[in-house]
Undergrad: 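Got a structure here, written out as structure tokens. Questions coming.
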Amino acid sequence: MNSSLRSTAELFHGVSTSTGAPKPFNEKPYFPKSSFINPRFSQWFSKKPHLSLSDKAANRLKSMSSNREAVGGLTYKDAGVDIDAGSELVRRIAMMAPGIGGFGGLFPLGDSYLVAGTDGVGTKLKLAFETGIHETIGIDLVAMSVNDIVTSGAKPLFFLDYFATSHLDVDLAEKVIKGIVDGCKQSDCALLGGETAEMPDFYAEGEYDLSGFAVGIVKKDSVIDGKNIVAGDVLLGLPSSGVHSNGFSLVRRVLAQSGLSLKDQLPGGSGKPITLGEALMAPTVIYVKQVLDIISKGGVKGIAHVTGGGFTDNIPRVFPKGLGATIYGDSWEVPAVFKWIQEAGRIEDAEMRRTFNMGIGMVLVVSPDAAAGILGAQHGGYSAYHIGEVTSREGVTYQ
């Protein structure tokens with residue numbers, strides 16, 4: 001595949017490993033001194049969130065290794081994912097293929113840019129194999145790419161998929177492709193084609209892998225690139241459905257150590273009971289229609305897709321040099337699944353914020369006037385929260 005169109009999601013799945021707004025193919029790239037801003041944060045809430053665990057879960061947590069208690073909670077690196085190594089790989093690739101670094105790759109075409117993105121769904125597939133939930137994993141696949149390219153203001157045009165397995169189970173593959181079709185309908189783009197690869201002895205029996213590729217288009221004078229962001233601009237957050245498609249290596253490690261199974265009820269859940277498997281397999285929200293609708297109202301200056309790297313690494317990617325963000329920690333309700341992950345894994349706040357979306361899957365940077373209009377005109381089932389503001393100090397801090 002064309003390395004000049006690589007997105008960071010492709011280069012290192014689920015890990016945001018470069019900063020900066022989307023850049024045209026022929027534009028000189030900007031390489032910051034440090035690709036990551038990882039300050040020591042204040043607490044997420046004024047009071048640390050408390051999770052009520054079942055007796056079964058509580059007893060299992062108490063029986064965990066005292067050694068792990070002594071050295072602190074789990075990290076993404078403990079689970080086998082090294083964000084810093086991914087950052088180094090992107091830095092090296094950028095030296096060979098200048099222009100990468102945004103959420104999508106921009107290629108000039110007349111008075112427009114084609115915007116391309118590619119991704120997979122990572123080890124969420126492992127949970128699909130264990131739960132037998134295959135009908136929605138295709139939605140995740142589409143979402144990860146189209147959500148990336150819409151951050152430039154691009155309307156998705158078409159999508160391509162790659163399905164690989166050792167032995168083709170037609171019924172299983174049909175379920176997966178149905179989810180891809182559903183995802184394309186949600187994002188109003190065409191499923192243009194794909195590749196089915198049957199590779200004996202390469203994958204375990206009953207397992208498969210997925211990749212997706214999306215292309216969209218935006219007028220050159222309508223690109224959302226973050227260049228006009230200033231201190232005092234407002235951060236609007238669009239709610240996620242849960243974990244989406246990042247951080248599952250850490251999720252699976254937490255699940256294994258918790259002693260619970262995917263069939264157990266989600267501890268601390270409110271409303272209708274839901275199993276851990278159902279909560280974790282909730283499909284990624286496709287934000288395309290909502291974001292394009294908000295953009296059409298004017299005042300949108302930058303957009304960040306909150307994937308791997310969480311708030312810590314993704315929000316600063318859209319800022320000009322010298323700017324940062326303050327997040328209002330009590331401005332939305334963190335879903336129960338994240339509270340369970342944090343408590344069961346004894347994961348520190350900073351690690352949670354650098355790994356997961358914490359209930360906000362997309363962040364829009366807008367002018368104060370535009371924010372008032374957007375928040376005052378919510379309708380049609382869309383929701384948005386005023387989650388913070390742009391500051392004149394680099395990094396992400398929490399109130």
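The figures that follow rest on heavy atoms only: side chains count, while hydrogens, waters and symmetry mates do not. None of these values were measured; they are calculated from a predicted model.
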Undergrad: Sub-3.5 Å donor-acceptor pair from the side chain of Thr136 to the main-chain atoms of Ile139, do we have one?
TA: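 No; zero donor-acceptor contacts below 3.5 Å.
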Undergrad: Are there over 12 heavy-atom neighbours, none belonging to Glu198, within less than 6.0 Å of that residue's CD?
TA: yes
Undergrad: Do Gln186 and Val146 touch side chain to side chain, with heavy atoms closer than 4.5 Å?
TA: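 In short, these two side chains do not touch, never coming nearer than 4.5 Å.
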Undergrad: Is there a donor-acceptor contact under 3.5 Å from the side chain of Ser166 to the main chain of Phe202?
TA: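 Yes; judged by distance alone, with no hydrogens or angles, the pair exists.
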Undergrad: Does the side chain of Arg346 reach to within under 4.5 Å of the side chain of Leu74, using non-hydrogen atoms?
TA: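 No, every pair of side-chain atoms sits at 4.5 Å or beyond.
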Undergrad: Would you compute the distance between atom CE of Met362 and atom CG of Leu238 and round it to the nearest 0.5 angstrom?
TA: 7.0 Å
Undergrad: Would you indicate whether the side-chain heavy atoms of Asp119 and Phe213 approach each other to under 4.5 Å?
TA: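 They are not in contact (no side-chain heavy atoms under 4.5 Å apart), so the answer is no.
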Undergrad: Kindly indicate, with the supporting measurements, whether the criterion side-chain contact (heavy atoms from CB on, under 4.5 Å) is fulfilled by Leu280 and Val251.
TA: CA-CA 9 Å; Leu280 293 170; Val251 168; 3.8 Å; yes
Undergrad: Side chains of Glu394 and Phe319: closer than 4.5 Å at any heavy-atom pair?
TA: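 Result no, sub-4.5 Å side-chain heavy-atom pair not found.
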Undergrad: Please report the interatomic distance OG1(Thr123) to CG(Asn246), rounded to the nearest 0.5 Å.
TA: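 The CG atom of Asn246 is 9.5 Å from OG1 of Thr123, to the nearest 0.5 Å.
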Undergrad: So if I apply the side chain to side chain donor-acceptor pair (under 3.5 Å) rule between Lys301 and each of Asp233, Asn228, Asp225, which one comes out positive?
TA: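 Testing Lys301 for a side chain to side chain donor-acceptor pair (under 3.5 Å) against Asp233, Asn228, Asp225 leaves exactly one candidate, Asp233.
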Undergrad: Using the rule side chain to side chain contact (heavy atoms under 4.5 Å, CB included), only one of Asp161, Thr165, Leu141 pairs with Leu210; which is it?
TA: Leu141
Undergrad: Please say yes or no: joined through hydrophobic side-chain contacts below 4.5 Å, possibly via intermediate residues, are Val365 and Val230 part of one cluster?
TA: no
Undergrad: Can Asp140 and Ser245 be counted as having a side-chain donor-acceptor contact under 3.5 angstrom?
TA: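 Ser245 and Asp140 do have a side-chain donor-acceptor pair below 3.5 Å.
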Undergrad: For a quick test of reading the model, state the closest non-hydrogen atom pair linking Thr355 to Glu351 and the distance between them.
TA: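 Heavy atoms only, the tightest pair is OG1-O, 2.8 Å.
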Undergrad: From the options Val300, Leu236, Ile303, select the one residue that forms a side chain to side chain contact (heavy atoms under 4.5 Å, CB included) with Ile294.
TA: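 The single option meeting the side chain to side chain contact (heavy atoms under 4.5 Å, CB included) with Ile294 is Val300.
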Undergrad: How many angstroms lie between CE in Met199 and NE2 in His167, if you round to the nearest 0.5 Å?
TA: 14.5 Å
Undergrad: Has the side chain of Asn147 got a donor or acceptor atom that lies under 3.5 Å from a matching backbone atom of Ala143?
TA: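 Side chain of Asn147 to backbone of Ala143: a pair is present.
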Undergrad: Got a donor-acceptor contact below 3.5 angstrom from the Ser187 side chain to the Gly183 backbone?
TA: yes
Undergrad: Hey, is Lys175 close enough to Asp171 for a salt bridge, meaning N to O under 4.0 Å?
TA: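 No.
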Undergrad: Flag this pair as yes if the NZ/CZ of Lys126 is under 6.0 angstrom from the six-membered ring centre of Phe248 and inside a 45 degree cone about the axis; otherwise no.
TA: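 Ring-cation test returns no.
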Undergrad: Check the side chains of Asp330 and Gln399 for a donor-acceptor pair under 3.5 angstrom, ignoring hydrogens and angles.
TA: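 Gln399 vs Asp330: no donor-acceptor pair found between side chains.
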Undergrad: Within this structure, what is the NE2-CE distance for the pair His244 and Met144, rounded to the nearest 0.5 Å?
TA: 9.0 Å
Undergrad: Give me the atom names and distance for the closest heavy-atom approach of Pro239 to Val285.
TA: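 Looking at all heavy atoms of both residues, the shortest contact is O-CG2, 4.2 Å.
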Undergrad: Same hydrophobic cluster for Leu168 and Ile180, using side-chain heavy-atom links shorter than 4.5 Å among ILVMFWY?
TA: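 Linked, Leu168 and Ile180 end up in one cluster.
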Undergrad: How close do Thr391 and Ala325 get, heavy atom to heavy atom, and via which atoms?
TA: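 Taking every non-hydrogen atom into account, OG1-N, 3.6 Å.
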Undergrad: Check for a donor-acceptor pair, side chain of Ser241 on one end and backbone N or O of Pro283 on the other, with a separation under 3.5 Å.
TA: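 Checked: pair present.
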Undergrad: So which heavy atom on Lys219 is nearest to which on Ser112, and how close?
TA: CD-OG, 3.5 Å
Undergrad: Can Arg354 be said to sit on top of Phe311's aromatic six-ring, NZ or CZ under 6.0 Å from centre and within 45° of the ring axis?
TA: no
Undergrad: Quickly, which of Asp148, Thr151, Asn357, Asn314 forms a side chain to side chain donor-acceptor pair (under 3.5 Å) with His305? Name it, please.
TA: Asp148
Undergrad: Run Ile341 and Phe356 through side-chain contact (heavy atoms from CB on, under 4.5 Å) and show every step you take.
TA: CA-CA 10 Å; Ile341 290 169; Phe356 301 109; 4.0 Å; yes
Undergrad: Are side-chain heavy atoms of Trp340 and Leu276 found at a separation under 4.5 Å?
TA: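 Answer yes - side chains close enough.
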Undergrad: Working to the nearest 0.5 angstrom, can you tell me the gap between Met352 CE and Thr75 OG1?
TA: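 One finds 12.5 Å between CE of Met352 and OG1 of Thr75.
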Undergrad: Report yes if some heavy atom in the side chain of Thr275 is under 4.5 Å from a heavy atom in the side chain of Leu266; otherwise report no.
TA: no
Undergrad: Counting only N and O atoms by type, is there a donor-acceptor contact under 3.5 Å from the side chain of Gln290 to the main-chain atoms of Tyr287?
TA: no
Undergrad: What heavy-atom pair brings Ala304 and Ile315 nearest, and what distance separates the two atoms?
TA: CB-CA, 4.1 Å
Undergrad: What I want to find out is whether Lys289 reaches Asp188 closely enough, with some N-O distance under 4.0 Å, to be called a salt bridge.
TA: no
Undergrad: With a 4.5 Å limit on heavy-atom distance, are the side chains of Ile149 and Phe103 in contact?
TA: no
Undergrad: May I ask you to decide if Gly212's main-chain N or O and Thr118's side chain share a donor-acceptor pair within less than 3.5 Å?
TA: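 The answer is yes, because a donor-acceptor pair under 3.5 Å joins these two groups.
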Undergrad: Show your working on salt bridge (charged side-chain N to carboxylate O under 4.0 Å, His left out) between Glu343 and Lys339 and close with a plain yes or no.
TA: CA-CA 6 Å; Glu343 186 150 333; Lys339 297 178 183 179; over 6 Å; no
Undergrad: Any Lys/Arg nitrogen of Lys297 or Asp293 sitting under 4.0 Å from an Asp/Glu carboxylate oxygen of the other?
TA: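 Counted as a salt bridge, because a side-chain N and a carboxylate O are separated by less than 4.0 Å.
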Undergrad: Measure the shortest side-chain to side-chain distance between Tyr113 and Ile217 over non-hydrogen atoms and say whether it is less than 4.5 angstrom.
TA: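 No, their side chains stay 4.5 Å or more apart.
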Undergrad: Would Phe129 and Tyr208 count as a close aromatic pair, with their ring centres under 6.0 Å?
TA: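 Yes, the ring centres sit under 6.0 Å apart.
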Undergrad: Output yes when Glu278 and Lys263 qualify as a salt bridge under the 4.0 Å nitrogen-oxygen rule, no when they do not.
TA: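 No, Glu278 and Lys263 are not salt-bridged.
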Undergrad: If only atom types and distance count, is the side chain of Glu195 paired as donor or acceptor with the main-chain N or O of Tyr162 below 3.5 Å?
TA: no
Undergrad: For Lys178, is the NZ atom crowded, meaning more than 12 foreign heavy atoms sit under 6.0 Å from it?
TA: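 Result for NZ/Lys178: open.
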Undergrad: Which atoms form the tightest heavy-atom contact between Leu191 and Cys184, and what is the distance?
TA: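 Taking Leu191 first and Cys184 second, the nearest heavy atoms are CB-SG, 3.9 Å.
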Undergrad: Look only at the side chain of Trp332 and the backbone of His386, and say whether a donor-acceptor pair between them is shorter than 3.5 Å.
TA: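 Here the side-chain-to-backbone pair does not exist.
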Undergrad: Measure the CD1-CG distance between Ile177 and Leu172 for me, rounded to the nearest 0.5 Å.
TA: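 Answer rounded to 0.5 Å: 10.0 Å.
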